[in-house]
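So that the names make sense, note that chain A is the first sequence line, chain B the second, and so on, each numbered from 1.
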Number of protein chains: 2
Amino acid sequence: MIATARDLRPDQPALTRLAALAPLEADTAATLQVLIERARLVAKRRELMSEGRPIVEPQLIVSGWAARLRLLIDGRRQFLGFVLPGDIIGLSRHPRPIAASTVIALTDVTMCTPPRIGIFPELDEAYSVGQALDEGYAFAQITRLGRLDAQDRISDLLLELHERLSLNGMAVGGAFDLPLTQEILADTLGLTTVHVNRMLQMAKQNGDLTWTAGRIGLNNPSLLARKVGRSPVKVFGNRLV
Amino acid sequence: MIATARDLRPDQPALTRLAALAPLEADTAATLQVLIERARLVAKRRELMSEGRPIVEPQLIVSGWAARLRLLIDGRRQFLGFVLPGDIIGLSRHPRPIAASTVIALTDVTMCTPPRIGIFPELDEAYSVGQALDEGYAFAQITRLGRLDAQDRISDLLLELHERLSLNGMAVGGAFDLPLTQEILADTLGLTTVHVNRMLQMAKQNGDLTWTAGRIGLNNPSLLARKVGRSPVKVFGNRLV
DNA sequence: CGGAATTTTGAAACCTTTCAAATTGGGTGG
DNA sequence: CCACCCAATTTGAAAGGTTTCAAAATTCCG
């Protein structure tokens, strides 16, 4: 099989995602491409943004994984959701916004400041669609924690990640890199590390998934989705999914 | 004690809240006042908005309680959060937005369409602050479900409601009307009705609260807040709480 | 190669759910 | 204004899913 141009120079996941949220004009894409190439690095474990502190500029995640998180006084923590390439954090119409949550890098992350609102109309649309999706993911997280058992929480979360990563080209054929420890999964799903471990083993035995060396494989995403009663997060008519 | 003008003609909760989010000019307040007086009624149990369907216009809740909710295929339901007087639902910059969640009236509700974005600058600020608060409440809900036990979930939720109702003048001295059944609380907190009932009884015995005839009394909100390790949702610097 | 981080196991304790069934409360019609 | 009915609250006992607490086994990384 001969490699096509696309194989040799795949789109940036961030650009792929923004273009999926709203069709972009050539010059808009070009502008983004330049910004993306100049993305700056944030090392793993560093904060991209901290709860209660002013947000200087919004940031477009170019590569790597980050997570929103809340800390409790006694040291417990709760991950609110993940931030993936193509996601934008800190976007607000308010003149001097304050971060509602801390965001930390789970891997090394690169990010750049995206064009301000009001410059590229299609990009503005992508921003608002992205924001609506974020809201949908937050609602999905609430539902997961409130109404699913451990087993289904895990499946449902992995399906959501698969969905999101497919949107930016980072998941192919049900498989994708998952740079998370079981402890992070536990702090996301409201479970203990021990229990996540046991449920993960069960899921493997059930043939629902494989997980080796930081890479997840969902054997049959749509079947699994039906099993846990999950419907994908969609927001704007016939645009997504 | 002599009644003041304020006592005789209390502000509308909705107007009180918007004014608390951002100081309003006299004419803005007057415009809102007129819209509020013409608010239309939505009967208890009716939907204000349904998931997946287009949002025709945003709505400002004038009176009554509503709730965002998600239904699972098997009939289970999860309340995502409550919608109170002064809250706005369906606000989006997108041309033809789709509702990300269903909103139903828990009591009779009155609501009106607020001025569009771009007409009253201070109101726009109130909108964006309100949106930031909504995000904060969603994050708080995730944290509650993920990391608190039944007892603390209840306390934490009641404290949040107290906080929100104080903002619009519907809570006085730790007491406020709570038009919710224990079943609704259960479906909000990811618990069963039975367990909510038992935990509520314990809370009463502990002297943390009283609850009779749909009215809640928190005996010592700040003490309770410390006990469950809760910090109020604040968003914009020295503006709120 | 060695130490730290992560994953894995076991058994017991614990919080929450389940399943009925009884009791109380509120609203409506006679 | 009382009787009646449905909704909501309350109780008990047993089953069950998750957590806890250690400790061992693996894997990762400098």
Could you tell me whether a side-chain N or O of B:Thr188 sits under 3.5 Å from a main-chain N or O of B:Phe79, the two making a donor and an acceptor? no
For nucleotides 19-26 of chain D, give me every protein contact, N/O to N/O, under 3.5 Å, one pair per line with atom names.
unit_1	atom_1	unit_2	atom_2	d
D:dT19	OP1	A:Gly190	O	3.4
D:dT19	OP2	A:Thr192	N	3.2
D:dT19	OP2	A:Thr192	OG1	3.1
D:dT20	O4	A:Arg198	NH2	3.1

Looking at A:Asn197, I'd like to know whether one of its side-chain N or O atoms comes within less than 4.0 Å of OP1 or OP2 on C:dT8. yes
Whole angstroms only, please: what is the CD-P distance between A:Glu183 and D:dC28? 17 Å
Taking only distance into account, with no hydrogens and no angle test, what donor-acceptor pairs under 3.5 Å do side-chain atoms of residues 46-53 of chain A form with protein atoms, sequence neighbours excluded?
unit_1	atom_1	unit_2	atom_2	d
A:Glu47	OE1	A:Ser50	OG	3.3
A:Glu51	OE2	A:Arg70	NE	3.4

Atom pairs and distances, donor-acceptor, side-chain atoms in residues 164-177 of chain B, under 3.5 Å, two or more places apart:
unit_1	atom_1	unit_2	atom_2	d
B:Arg164	NH1	B:Phe82	O	3.3
B:Arg164	NH2	B:Phe82	O	3.0
B:Arg164	NH2	B:Asp87	OD2	2.6
B:Ser166	OG	B:His162	O	2.7
B:Asn168	OD1	B:Met170	N	3.1
B:Asn168	ND2	B:Pro85	O	2.9
B:Asp177	OD1	B:Arg215	NE	3.0

Side chain of A:Gln78, backbone of A:Leu71: donor and acceptor closer than 3.5 Å? no
Summary of salt bridge (Lys or Arg N to Asp or Glu O under 4.0 Å) pairs that have at least one residue in residues 138-156 of chain B, sequence neighbours excluded: A:Asp187-B:Arg147, B:Arg144-B:Asp156, B:Arg144-B:Glu160, B:Asp156-B:Arg230
Under 3.5 Å donor-acceptor, B:Asn219 side chain and B:Gly207 backbone: yes
Is the backbone of B:Gln182 close enough, under 3.5 Å, to the side chain of B:Thr193 for a donor and an acceptor to pair up by distance? no
Is it true that, when you exclude A:Lys204 itself, more than 12 heavy atoms of the residues, nucleotides or ligands shown sit nearer than 6.0 Å to its NZ? yes
Can you find a side chain N or O atom of B:Gln182 that sits less than 4.0 Å from OP1 or OP2 on D:dT10? yes
Under 4.0 Å from any atom of DNA chain D, heavy atoms only: list the residues of residues 201-215 of chain B that qualify, in numerical order. B:Gln201
Between the protein and nucleotides 21-25 of chain C, list the N/O to N/O atom pairs that are separated by less than 3.5 angstrom.
none

